[in-house]
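Counting convention: from 1, in listed order, for ligands and their atoms alike. Values below: every heavy atom of this structure, side chains too, minus hydrogens, waters and symmetry copies.
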Amino acid sequence: MKRIITYGTFDLFHEGHYNMLKRAKAEGDYLIVGVTGDRYDVGRGKLSVKDSLATRIENVKKTGFADMIITEEYLGQKISDIIKYDIDTFVIGDDWRGKFDHLNNYCTVKYISRTEGISSTKIREEEFKINRIGIITDKLSDNQIVKESGLIAGVSVGKVYSDDQSIAVKFKEKYGLQETADSAEELYRDSDVVFIRTDIKDRYRFTKDALQAGKHVICDFPFSLDSNQQKELWDIAKKQNRILLDNIKAPYSQTFIQMMWAVQGGLIGDVIDFNCSVSKKDQDIPYLFYELAAMAVAPMLKILGHNYTNMDSRLIYEGDAIEFATMYFDYPTGKAKINVGNRVRVENQMEIIGTKGTVRIGDNWWKADYFEMDKTDGSSQVFNINFDSNGFRFLLANLVDMVSQNIIETQFFSEQDSRKVTAILEEAIANKR
Ligand code: CTP
């Protein structure tokens, strides 16, 4: 009996998939189809998949060509599947030509021509609205928005605007964009979402204008150092029914989210101690204390909540700049401590101690792809998230989902979270000592 295997995501099942499965089956007697698992797609950065794994499996099943359906969960699984299922031929579309030649050591590899003119990507682009992102910037140093947008279905980067036109031109050239906008108004007109990455002094103005022009906004945190201005912006966003997102990645980090679920699921008992440190010595642009501190305060609010009973802080200044800060919080059931080093280097880690164990994420926790758990019963475990990126891609994916569902509030980092972080930092600065 000749045994065949093929793999795919099979999202928004279409004729090309059908033809592929039919031809794969015709190659032998027994066909195994590997459907990519949700985590596997996320792990390789494919965040655009619309159908659930159950739906995608069901659609493959309905064709009647598959004798067995398995899920593909990790890189390198193909070789183990080929050995395990004693496969004779591995079949895949010729868009992958050459990419799987290494499997020739284990079975025959056959590339089959694709059905012309159709793909899941094409259907997604036709069925789901593309949100054009306009960029307002005053620096050339960050292309994350350009790079990450390319990996998310439903967004594309359009024009760039800068008060200093020469920066817009250089930005456009550096990151291969199509056009600059001559005015902020032109940028608003030609965008669905405005991404604001400017000095703090200009954020309030641009955010307000963009919201009033009816655009969704992603702006670096905080929009303003004045909490009244912040409230005003949130109010405008609600009135305009537009999304306002702080560009703060930590609450979207997949590692942090899974760790939070583990903690909230009671795996380490009641939380008695939360420690988080952040420093970014290597930045070429000086970080605003607020931006850095928010990275550590936001996870604390997510894990322990907003209702601490007491806060104490110690700030060390050099001139006007805060070089180092320590903040202590008392919660009804435990304590939290946050260290923020601006130029002063601290170990970037997060540790949560519970009555039944400890979880920790090591160096540069906001972009780590694993966390560790040690239990009081002596057992320990490492959780691999299989995703080596900070949360920005997920922030964008969340934005696309919110736009398509016509909702303006996110649970990842809400208006309440944003305003609470600001209030905490204002209090820390006011308590200056
Ligand atoms: N396939 C095909 N003809 C098409 C589209 C896909 O033969 N028009 C094949 C692929 O080559 C692969 C299998 O179907 O062997 C599953 O492909 P998958 O990546 O799930 O589908 P795409 O439509 O290519 O998805 P995407 O656009 O997200 O890459």
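Between N348 and D363, the side chains place no donor N or O within less than 3.5 Å of an acceptor N or O (distance only, hydrogens not considered). Of the N and O atoms on the side chains of D377 and S379, at least one donor lies less than 3.5 Å from an acceptor on the other residue. For the 3.5 Å distance criterion, the side chains of S418 and Q230 fail to qualify, holding no donor opposite an acceptor.
Residue contacts with ligand 1: D94 is placed with no nitrogen or oxygen under 3.5 Å of a nitrogen or oxygen of the ligand (distance criterion only). Distances between N or O atoms of G8 and those of ligand 1 include no value under 3.5 Å. Residue I92 has no nitrogen or oxygen atom sitting less than 3.5 Å from a nitrogen or oxygen atom of ligand 1, judged on distance alone. At least one N or O atom of T115, backbone or side chain, sits closer than 3.5 Å to an N or O atom of ligand 1.
Counting heavy atoms of neighbouring residues, nucleotides and ligands inside a 6.0 Å radius, atom CG of D190 exceeds 12 of them.
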Item checked: Full working for salt bridge (Lys or Arg N to Asp or Glu O under 4.0 Å) between D94 and R114 -> CA-CA 6 Å; D94 61 1; R114 273 170 74 94; 5.4 Å; no
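Nearest residue to atom 18 (P) of ligand 1 from R124, H17, K122 is H17 (criterion: closest heavy atom).
Near S120, the atoms of ligand 1 lying under 4.0 angstrom from a non-hydrogen atom of the residue are 21 (O), 22 (P), 23 (O), 25 (O), 26 (P), 27 (O), 28 (O). If you number the atoms of ligand 1 from 1 as listed, the ones under 4.0 Å from a heavy atom of F10 come out as 16 (C), 20 (O). Against a heavy-atom cut-off of under 4.0 Å, T9 is close to the following atoms of ligand 1: 20 (O). Residue S119 approaches ligand 1 through these ligand atoms, each under 4.0 Å from one of its heavy atoms: 23 (O), 27 (O). Within ligand 1, the atoms closer than 4.0 Å to a non-hydrogen atom of I118 are 4 (C), 5 (C), 8 (N), numbered from 1 in the order shown.
Not close to ligand 1: E116, with no non-hydrogen atom less than 4.0 angstrom away. At a 4.0 Å cut-off, not a single heavy atom of E15 sits close enough to ligand 1 to count as contact.
Residues passing the side-chain hydrogen bond (donor to acceptor under 3.5 Å, both in side chains) test with T108, sequence neighbours excluded: none. Residues meeting the side chain to side chain contact (heavy atoms under 4.5 Å, CB included) test with K62, sequence neighbours left out: E58, N59.
Cation-pi geometry between R56 and F10 is not met at under 6.0 angstrom from the ring centre and within 45 degrees of the axis.
Below 30°, between 30° and 60°, or above 60°: for Y175 and F171 the angle between ring planes is above 60°, a perpendicular geometry.
The part of M20 lying near ligand 1 is the side chain, judged by heavy-atom distances below 4.0 Å.
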